Structures are given as C-alpha cells and as structure tokens.
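Presented below is the structure to which this report refers.
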Amino acid sequence: MTIDSTTATTGSTTTSTEPGTDRAAARRNPLGVHALVFVGDTSPASVESAVRRTAEAGFDLLEFSLHDSINLDRAATRALLQEHGLSAACSRGLAPDADVSSDDPAVVARGQELLRQSLALTADIGATVLTGALYSAFGKAAAPLTRTGRDHVVGVLSELAQEAAPLGVTLGLEVCNRYETNVVNTARDAVRLADDIGADNVMVHLDTYHMNIEEDDFVQPVLDTGDRLGYVHIGENHRGYLGSGHLDFASFFGALQRIDYRGAVTFESFSSAVLAPGLSNDLAIWRNLWDDGDDLARSAREFLDAGLNPSA
C-alpha cells in the first residue's frame with residue numbers, strides 16, 4: 001500500500017508525513033512506534049532508516065531497544081530525531097548475569113551498571129523515557145522472586161531514579177507476563193513496586209500484549225494504575241496487525257480516556273523478517289505475521305488515531 005505524502009512543519013523542522021494533519025493536531029496522546037518494526041539493529045544506517053520511516057508514517061515518537069546499543073551513534077541519533085521532529089524513548093531488559101532481582105550481590109552490581117549505562121545513553125540521544133523490564137532478567141524464572149531479590153530491585157531502581165531526575169528522564173516499570181519475569185506481572189504489582197521505590201520519576205508502563213495473558217480485563221488495570229500510568233505499548237495478542245487479533249482495544253482506549261491519560265501510546269510488533277536471529281529467538285518469534293514494516297506502521301498509526309481520537 002502506497003500513500004502519497006505531504007509536507008508538515010514542526011517548529012523550525014520540516015518533516016514528511018501523511019495527509020491527516022488535522023487528526024494529528026487533535027491527538028490526545030503522542031503516538032509512537034518501536035524501531036524494531038523497521039530495523040533489527042542500531043547501526044547508523046538502520047537508525048537513519050528508522051527515524052525517516054517513523055516520520056513518514058506520521059508518528060510522533062520512536063522507541064529504541066538497547067539490546068544493540070554498542071552500535072548506536074548517540075550524537076547522530078539525537079540530531080536525526082531533532083531534524084525529523086521526533087521524540088524518543090528507550091527500552092531494555094536484563095540478562096541472567098546482570099539481574100538486579102538476583103540474590104547474588106555481584107550479579108546485582110552488574111545489572112546496576114548496565115542500567116546506569118542505559119540511562120546515560122537515553123539522556124545522550126535526547127530521550128526522556130527509559131522503560132522495560134528494568135527490574136529483572138528477561139525470561140522464565142526458575143522460582144518465585146525472593147524477599148532479598150525484591151529488596152535489591154527497590155534499592156537499585158531508587159538509586160537509578162535519583163540519577164535520572166536531573167537528566168529529565170522518567171523510568172518505566174513495564175508490566176510483563178509470567179514467562180518473561182517473576183517480578184511484575186500485573187498493574188497492581190507495578191504500582192506496589194513504584195510506591196516502594198518512592199520516586200516521582202518512576203511510572204507504570206502497561207502493554208496490551210502482556211495484559212491479555214495476566215489481567216482479568218483491559219479496563220480495571222488502567223483504573224488501578226491511574227495517574228501512575230506514564231507509558232503504553234499497544235500490541236495484538238499475536239503481535240501482528242492491530243485489529244487482526246482478538247484484543248478488546250475499544251475497552252482499553254475507553255479506560256485511557258476515563259483517567260485522562262495523555263502520555264505516549266507506542267505500537268510494538270516483532271517479526272523475524274526484521275529482527276536479528278538472537279533477539280527473534282529470545283522473543284519466541286517462531287512465525288511471521290508480517291514482512292512489510294512500513295505498511296504495518298501506517299496501518300497501526302491509522303488504527304490508533306481512530307481508536308484514541310474517535311471524534312477527530
């Protein structure tokens with residue numbers, strides 16, 4: 001599907017976007033897209049491609065996964081985002097040997113250092129959100145979280161929040177399913193953890209893909225989170241095209257309106273047609289529901305515009 005583009009001006013920056021600027025101006029929420037919809041790494045060429053295609057698809061924000069952060073040119077990325085009038089967020093999980101929910105202080109220390117490096121990168125590219133499973137290793141845990149492990153999480157993230165505040169970065173606690181973490185599986189889990197951390201720049205991050213597995217519905221978790229909600233991932237139950245699965249997005253969008261949520265809503269979808277094999281394996285992407293990231297992104301932006309701004 002090809003859509004002709006027109007030119008829109010954001011501040012002093014000229015960007016390419018699709019028709020429908022009236023709807024974009026009426027948005028309640030900035031709309032984001034994950035860079036992995038377009039590219040599988042953060043090499044300079046891939047970042048340039050992701051930034052350009054995000055702007056062309058009509059989004060306001062681009063989210064970067066920091067799994068490949070060693071290749072990311074911070075200054076060039078910041079300049080590209082500014083050139084195209086985009087804001088940014090960063091996300092990451094942790095590895096088993098750098099898990100801040102571990103009982104082993106040496107493992108926790110490695111995780112803390114990784115989070116500090118990720119915070120510095122986030123600030124360096126001009127992003128204002130660092131989110132994800134910042135609290136544990138990614139993957140199915142062998143046993144429940146221990147009291148010691150949870151204390152480590154609270155201590156590490158409390159210190160990280162203090163370091164993030166003067167940088168203007170907010171930390172997100174993404175609520176993930178039981179097969180990816182044993183620390184935070186529901187919105188109420190995340191609110192309790194955020195309360196224990198006790199920092200104003202720590203917020204809850206809901207994701208419809210994970211909510212479909214763990215929550216009773218798509219309304220009560222939003223109400224339970226309330227003004228602690230600061231970031232949202234939108235993904236189908238099968239991680240394909242929005243509207244092609246069985247998720248009750250109408251109820252979810254309605255709940256966001258009930259709490260007057262004004263934060264970013266970011267589309268997330270994965271395909272091994274784009275992802276590097278290692279990450280594709282980590283995320284259990286065994287089948288592809290799409291191979292055209294540009295068409296997928298345009299479809300998602302239209303779906304989100306219509307669902308979040310029905311009267312626009």
Side-chain angles (χ1 to χ4, degrees), residues 66 89-96 98-105 107-116 118-119 122 128-165 167 169-216 218 220-233 255-256 259 261 263-264 266 268:
L66 300 187
C90 293
S91 59
R92 76 159 310 117
L94 300 174
D99 180 358
V100 298
S101 72
S102 171
D103 288 355
D104 184 340
V107 174
V108 173
R110 286 193 291 272
Q112 184 170 25
E113 178 57 27
L114 183 59
L115 289 174
R116 284 173 170 160
S118 300
L119 173 61
T122 299
T128 56
V129 170
L130 172 61
T131 190
L134 306 181
Y135 44 73
S136 75
F138 177 89
K140 184 179 179 299
L145 178 68
T146 67
R147 180 72 255 178
T148 298
R150 194 177 190 281
D151 288 345
H152 285 157
V153 171
V154 172
V156 167
L157 293 183
S158 295
E159 291 184 20
L160 190 71
Q162 291 177 14
E163 297 169 14
L167 300 175
V169 174
T170 298
L171 306 181
L173 305 175
E174 182 174 10
V175 183
C176 297
N177 70 73
R178 71 193 75 177
Y179 308 110
E180 297 183 8
T181 183
N182 63 354
V183 178
V184 172
N185 297 137
T186 68
R188 289 182 179 179
D189 288 342
V191 170
R192 283 192 291 269
L193 181 56
D195 285 343
D196 288 346
I197 294 167
D200 291 339
N201 63 327
V202 172
M203 50 79 168
V204 175
H205 168 176
L206 292 180
D207 183 319
T208 57
Y209 171 80
H210 299 293
M211 292 173 68
N212 177 59
I213 298 172
E214 299 293 348
E215 304 283 8
D216 294 338
F218 284 91
Q220 194 60 47
V222 176
L223 304 184
D224 289 341
T225 307
D227 61 7
R228 303 304 293 270
L229 184 61
Y231 197 72
V232 168
H233 269 167
L256 294 180
I259 68 167
Y261 175 69
T266 295
E268 183 181 51

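Just so you know, these numbers come straight off a predicted model, no measurement behind them.
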Under a 4.5 Å cut-off applied to non-hydrogen side-chain atoms, are [X] and [Y] in contact?
X: Asn185; Y: Cys176; answer: no
X: Thr266; Y: Val232; answer: no
X: Leu171; Y: Thr131; answer: no
X: Leu173; Y: Val202; answer: yes
X: Leu157; Y: Leu115; answer: yes

Residue pair [X] / [Y]: nearest heavy atoms and the distance that separates them:
X: Arg228; Y: Ala194; answer: NH2-CB, 3.1 Å
X: Pro144; Y: Asn182; answer: C-ND2, 3.4 Å
X: Gly149; Y: Asp103; answer: N-OD1, 3.3 Å
X: Ala98; Y: Arg110; answer: CB-C, 3.9 Å
X: Leu94; Y: Gly111; answer: CD2-O, 4.4 Å
X: Thr122; Y: Cys90; answer: OG1-CB, 3.4 Å

| said: Is it the case that over 12 heavy atoms from other parts of the model lie below 6.0 angstrom from the CG atom of Asp195? | reply: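 More than 12 heavy atoms, drawn from other residues, nucleotides or ligands, come within 6.0 Å of this atom.
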With sequence neighbours excluded, what pairs up with [X] under the salt bridge (Lys or Arg N to Asp or Glu O under 4.0 Å) test?
X: Asp189; value: Arg192
X: Asp151; value: Arg147
X: Glu268; value: Arg239

Pairing residues for [X] by the side-chain hydrogen bond (donor to acceptor under 3.5 Å, both in side chains) criterion, not counting sequence neighbours:
X: Asp227; answer: none
X: Thr225; answer: none
X: Thr170; answer: none
X: Asp196; answer: Arg150

Checklist entry - Are side-chain N/O atoms of Asp99 and Ser101 paired as donor and acceptor at under 3.5 Å? => result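 Their side chains do contain a donor-acceptor pair, which is all the 3.5 Å distance test asks for.
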Going by the ring-ring contact (aromatic ring centres under 6.0 Å, His included) test, which pairs reach into residues 170-195, not counting sequence neighbours?
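Residue pairs passing ring-ring contact (aromatic ring centres under 6.0 Å, His included), neighbours aside: none found.
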| said: Among residues at least two apart in sequence or on other chains, which ones pass side-chain contact (heavy atoms from CB on, under 4.5 Å) with Ile259? | reply: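 Residues passing side-chain contact (heavy atoms from CB on, under 4.5 Å) with Ile259: Val222, Leu223, Leu229, Tyr261.
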*asked:* Restricting to side-chain contact (heavy atoms from CB on, under 4.5 Å), what partner residues turn up for Arg116, sequence neighbours left out?
replied: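 Only Gln112, Glu113, Glu159, Leu160, Glu163 meet the side-chain contact (heavy atoms from CB on, under 4.5 Å) criterion with Arg116.
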Set of residues satisfying ring-ring contact (aromatic ring centres under 6.0 Å, His included) with respect to Tyr231, sequence neighbours excluded:
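So Tyr231 forms a ring-ring contact (aromatic ring centres under 6.0 Å, His included) with His205, His233.
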Can you check whether [Y]'s main-chain N or O pairs, donor with acceptor, with [X]'s side chain at less than 3.5 Å?
X: Asp224; Y: Ala187; result: no
X: His210; Y: Val175; result: no
X: Asn201; Y: Ala161; result: yes

- Item | side-chain contact (heavy atoms from CB on, under 4.5 Å) assessment of Val153 paired with Val108 | CA-CA 9 Å; Val153 171; Val108 173; over 6 Å; no
Enumerate donor-acceptor pairs with a distance under 3.5 Å from any side-chain N or O in residues 134-141 to protein atoms, sequence neighbours excluded.
| from | atom 1 | to | atom 2 | distance (Å) |
| --- | --- | --- | --- | --- |
| Tyr135 | OH | Glu174 | O | 2.4 |
| Ser136 | OG | Thr181 | OG1 | 2.7 |

